[in-house]
Amino acid sequence: MLELGSIASRVGNFNHLRQLHAQIIHNSLHHHNYWVALLINHCTRLRAPPHYTHLLFNSTLNPNVFVFTSMLRFYSHLQDHAKVVLMYEQMQGCGVRPDAFVYPILIKSAGTGGIGFHAHVLKLGHGSDAFVRNAVIDMYARLGPIGHARKVFDEIPDYERKVADWNAMVSGYWKWESEGQAQWLFDVMPERNVITWTAMVTGYAKVKDLEAARRYFDCMPERSVVSWNAMLSGYAQNGLAEEALRLFDEMVNAGIEPDETTWVTVISACSSRGDPCLAASLVRTLHQKRIQLNCFVRTALLDMYAKCGSIGAARRIFDELGAYRNSVTWNAMISAYMRVGDLDSARKLFNTMPGRNVVTWNSMIAGYAQNGQSAMAIELFKEMITAKKLTPDEVTMVSVISACGHLGALELGNWVVRFLTENQIKLSISGHNAMIFMYSRCGSMEDAKRVFQEMATRDVVSYNTLISGFAAHGHGVEAINLMSTMKEGGIEPDRVTFIGVLTACSHAGLLEEGRKVFESIKDPAIDHYACMVDLLGRVGELEDAKRTMERMPMEPHAGVYGSLLNASRIHKQVELGELAANKLFELEPDNSGNFILLSNIYASAGRWKDVERIREAMKKGGVKKTTGWSWVEYGGKLHKFIVADRSHERSDDIYQLLIELRKKMREAGYIADKSCVLRDVEEEEKEEIVGTHSEKLAICYALLVSEAGAVIRVVKNLRVCWDCHTAIKMISKLEGRVIIVRDNNRFHCFNDGLCSCKDYW
DNA sequence: ATAGGGTTAG
């Protein structure tokens with residue numbers, strides 16, 4: 001027995017535990033409740049697998065209150081609340097009466113059900129037991145109402161009130177966002193311990209006041225690993241990865257042994273940096289230290305590998321985890337695939353995943369949206385809400401709203417906005433930003449401005465989004481003014497702001513204003529140069545544009561040459577166009593747009609042999625024309641068209657209308673331009689009609705179905721071509737309709753034979 | 001303790 005006692009006192013790992021277990025069986029003591037309870041308590045401490053622990057439990061025939069208590073503690077520790085409840089029921093079934101040691105565990109585990117226990121323990125006379133009382137305070141502090149916690153707390157006689165009671169109140173006030181109360185209690189407490197101090201660090205980190213958190217951290221009389229972890233995760237969760245990593249170094253230098261939580265936090269800080277070298281060095285450290293990798297650490301590692309570009313390594317961890325995967329593991333892997341654009345693999349995981357949660361759906365919806373599959377994103381959203389099991393949250397809605405914007409689907413967008421109010425989903429700044437984006441991409445600048453104005457607080461993205469909206473609509477002055485407003489409001493313009501304002505100047509032809517803006521940029525990035533070259537090029541300052549490009553401190557990228565090529569096309573500059581195009585053919589050999597632009601330049605100069613040469617070059621290089629889709633929203637659906645499309649159910653009517661329009665347009669003197677040679681001249685020659693470009697098909701469909709006089713909104717996923725531009729002007733005049741076509745990146749508002757963008761050709 | 005969101009463009 002003595003030997004057993006000395007083994008029992010030195011159980012440091014799972015192997016020791018098994019030895020002790022074997023020894024107990026050897027001595028035929030395994031039916032004795034004392035030894036069983038002792039073993040189970042070791043299981044809790046060492047986080048033994050549940051099946052092993054349950055085996056121990058089953059070895060006793062008449063479990064007493066000590067055995068049940070240790071089992072309850074074990075499951076409570078694992079946060080397996082369902083098992084706690086089961087165990088409690090079994091305990092009652094065996095006629096074992098819970099004592100004051102049991103109730104704190106039950107209350108802790110019961111969630112809102114703990115409120116029922118409160119009355120129960122009072123009736124049983126456990127109300128003045130210090131542990132029970134503390135559990136009750138803690139329960140109300142966590143679940144609310146915090147006032148109930150306070151009431152129990154206040155009823156304790158001063159001399160009986162323990163630090164743990166104060167601590168539960170302090171954490172509770174932080175939880176319920178009463179910083180002042182938490183602070184006040186901290187100040188008046190008769191004594192504080194490391195838990196109190198750590199609660200303050202966690203609390204300030206939660207309200208993003210990291211300076212205060214650090215102040216408390218620095219003042220702590222003693223620190224536990226948990227305190228370090230609190231400070232670390234404060235930095236990590238507020239995007240201060242650098243600070244977190246620096247603090248981790250400090251921690252290591254101070255000789256503090258990191259625990260699993262520490263590693264998880266540090267790994268996640270590392271993930272957000274996306275630096276493969278840092279990741280590798282962290283993995284080396286883990287390896288050297290022979291750290292036990294639990295499911296949390298492995299999932300964090302999976303995410304880190306994925307974010308540092310090693311999708312294969314991430315997948316290996318995923319596979320190795322096997323049955324130990326939890327929903328976070330699955331979600332991390334799904335987003336990993338989405339991040340690299342592997343939609344199929346993500347979908348496969350999604351389809352096989354057990355227990356999908358909101359984050360799972362959000363990852364899928366956002367993934368589709370980010371990979372240009374807005375329609376699929378919305379389809380998935382509809383599936384999510386029809387399944388009814390899950391309520392979308394703000395994150396879901398932000399992706400969905402943004403997807404509506406990308407589609408230019410205003411009816412759908414309005415439906416989503418109604419869905420928000422009906423389901424009482426509150427939007428924060430980013431939600432409103434998504435709405436601004438949606439409305440402005442749907443051509444509804446009035447709504448975009450309204451949302452912007454109604455926001456209580458705006459961030460730099462709010463401004464940038466509206467400015468970009470103005471830019472796409474050619475509202476140059478408004479864009480410039482909004483940038484001034486944001487500066488007055490104390491928000492500094494960033495890279496994106498300047499891109500927006502410069503684009504706006506470019507679309508509005510505001511040369512001098514744009515120059516001023518450009519000169520005000522402290523350290524212009526490559527995209528700013530591209531915008532400036534675009535602005536100069538559009539207004540016809542081609543020499544200046546070329547000079548600007550040549551004086552760039554960095555190597556020009558495709559965007560810069562693209563601007564130059566576009567400018568050459570507008571101003572019919574063959575030589576400059578050739579220069580830009582030849583560069584682009586090297587930089588983007590697969591981009592058909594560049595070939596088409598150059599060929600259009602040749603066509604406008606009547607150089608048909610060169611046009612033919614470009615066509616041959618495309619064929620030889622295997623450059624495929626990008627498919628240009630156009631769509632129009634009608635009756636809650638998107639009607640999608642492609643050149644010479646015959647698949648639409650109203651196709652016959654659409655083509656009939658095209659023929660009629662062509663007749664009318666001929667009479668009005670319209671001549672389809674030959675410059676579209678590389679697009680679909682062959683199709684046009686075959687068809688006895690005005691041309692079957694996707695935008696024209698979409699417009700004809702809209703003319704057929706919409707009410708007379710209503711504005712027609714069409715989206716084209718590529719640039720609206722020259723021929724179409726001319727034709728749509730004519731259609732707007734002949735039919736007396738306002739037609740808004742959204743390009744890739746700008747709006748063309750056609751009205752009475754004119755277009756809002758005057759610089760197009 | 002680990003997973004999910006918005007703005008850029010010829």
Side-chain angles (χ1 to χ4, degrees), chain A residues 226 229-230 232-233 236-237 259-268 271 294-304 306-307 326-336 338-339 357-367 369-370 393-402 405 427-438 440-441 459-469 471-472 494-503 506 525 527-528 530-531 533-534 537-538 557-570 580 584 591 593-594 597 719 743-746:
Chain A
V226 183
N229 291 346
L232 281 171
S233 85
Q237 303 217 320
D259 67 0
E260 285 166 335
T261 308
T262 319
W263 289 113
V264 168
T265 311
V266 171
I267 293 168
S268 106
S271 311
N294 68 8
C295 168
F296 285 90
V297 181
R298 282 165 193 249
T299 302
L301 276 173
L302 184 163
D303 188 52
M304 179 179 77
K307 285 181 178 153
N326 60 24
S327 59
V328 180
T329 319
W330 283 87
N331 292 343
M333 198 64 228
I334 289 176
S335 345
M338 282 302 193
R339 207 172 295 121
N357 60 16
V358 188
V359 178
T360 318
W361 287 88
N362 290 352
S363 308
M364 288 299 291
I365 292 171
Q370 286 159 2
D393 63 7
E394 198 202 349
V395 178
T396 326
M397 300 318 285
V398 166
S399 298
V400 172
I401 295 169
S402 156
L427 293 188
S428 64
I429 296 184
S430 34
H432 288 104
N433 292 347
M435 274 177 74
I436 297 171
F437 173 73
M438 187 269 283
S440 78
R441 293 284 284 197
D459 64 6
V460 63
V461 179
S462 322
Y463 283 94
N464 290 351
T465 310
L466 194 59
I467 287 174
S468 303
D494 66 3
R495 216 182 103 255
V496 178
T497 318
F498 288 121
I499 293 174
V501 176
L502 287 174
T503 311
S506 178
D527 290 331
H528 300 132
C531 291
V533 171
D534 185 57
R538 256 184 227 271
H557 64 357
V560 183
Y561 288 113
S563 299
L564 208 58
L565 177 58
N566 188 43
S568 311
R569 184 208 51 176
I570 296 170
L584 283 164
N591 187 337
N594 300 324
L597 246 58
R719 184 198 304 276
D743 231 13
N744 231 348
N745 46 41
R746 67 185 303 191

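In the text below, chain A, chain B and the rest are named by the order of the sequence lines, each starting its count at 1. These values consider heavy atoms only, across backbone and side chains, with no hydrogens, waters or symmetry-generated copies.
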(request) Mind listing the closest non-hydrogen atom pair of A:S271 and A:A300 along with its distance? (result)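 The pair with the smallest heavy-atom distance is OG-O, 4.2 Å.
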(request) List the atom of A:H528, the atom of A:L502, and the distance in Å for their closest heavy-atom pair. (result)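 The pair with the smallest heavy-atom distance is O-CD1, 3.9 Å.
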What does [X] touch in the nucleic acid at a heavy-atom separation under 4.0 angstrom: a base, only the sugar-phosphate, or nothing?
X	result
A:T265	nothing
A:F296	base
A:A366	sugar-phosphate
A:Q370	sugar-phosphate
A:N744	nothing
A:I334	nothing
A:T503	sugar-phosphate
A:D259	nothing
A:A558	base
A:D459	base
A:L584	base
A:S363	sugar-phosphate
A:V358	base
A:S430	base

Can you figure out which of [options] approaches the side chain of [X] most closely?
X	options	answer
A:V264	B:dT8, B:dA3, B:dT2	B:dT2
A:S335	B:dA1, B:dT8, B:dA3	B:dA3
A:V328	B:dA1, B:dT8, B:dA3	B:dA3
A:I499	B:dA9, B:dT7, B:dA1	B:dA9
A:E260	B:dT7, B:dA1, B:dT2	B:dA1
A:E394	B:dG5, B:dA3, B:dA1	B:dG5
A:T299	B:dT2, B:dG5, B:dT7	B:dT2
A:V461	B:dG5, B:dA3, B:dT7	B:dT7

(message) Just N and O in the side chain of A:Q237: are any of them under 4.0 Å from OP1 or OP2 of B:dT2?
(response)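 So the side-chain polar atoms of A:Q237 do come within 4.0 Å of the phosphate oxygens OP1 or OP2 of B:dT2, strictly under.
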(message) Does a side-chain N or O of A:S402 approach OP1 or OP2 of B:dT7 to a distance below 4.0 Å, or not?
(response)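 Answer yes for this pair, as a side-chain N or O of A:S402 is under 4.0 Å from OP1 or OP2.
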Protein-nucleotide distance ([X], atom [atom1]; [N], atom [atom2]), rounded to Å:
X	N	atom1	atom2	answer
A:H432	B:dG5	NE2	C1'	15 Å
A:H528	B:dA9	NE2	C1'	12 Å
A:N331	B:dG5	CG	P	11 Å
A:R339	B:dG5	CZ	C1'	13 Å
A:R746	B:dT8	CZ	P	15 Å
A:R495	B:dA9	CZ	P	11 Å
A:K307	B:dA3	NZ	P	5 Å
A:F437	B:dG5	CZ	P	15 Å

(message) Pairing donors with acceptors under 3.5 angstrom, does anything connect the side chains of A:N566 and A:S563?
(response)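 No.
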(message) Let's go through A:C295 and A:T329 carefully: what are the C-alpha distance in whole Å and the side-chain angles of both, what is the deciding distance for side chain to side chain contact (heavy atoms under 4.5 Å, CB included) to 0.1 Å, and is it a yes or a no?
(response) CA-CA 8 Å; A:C295 168; A:T329 319; 4.3 Å; yes
(request) Please list, chain by chain and in numerical order, all residues satisfying salt bridge (charged side-chain N to carboxylate O under 4.0 Å, His left out) with A:D527, sequence neighbours excluded. (result)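 For A:D527 the salt bridge (charged side-chain N to carboxylate O under 4.0 Å, His left out) partners, ignoring immediate neighbours, are A:R495.
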(message) As a test of understanding, state which of A:T265, A:V297, A:N229 forms a side chain to side chain contact (heavy atoms under 4.5 Å, CB included) with A:E260.
(response)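 Option passing the side chain to side chain contact (heavy atoms under 4.5 Å, CB included) with A:E260: A:V297.
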(request) Identify, with sequence neighbours excluded, every residue that meets ring-ring contact (aromatic ring centres under 6.0 Å, His included) alongside A:F437. (result)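 Expected list: A:H406.
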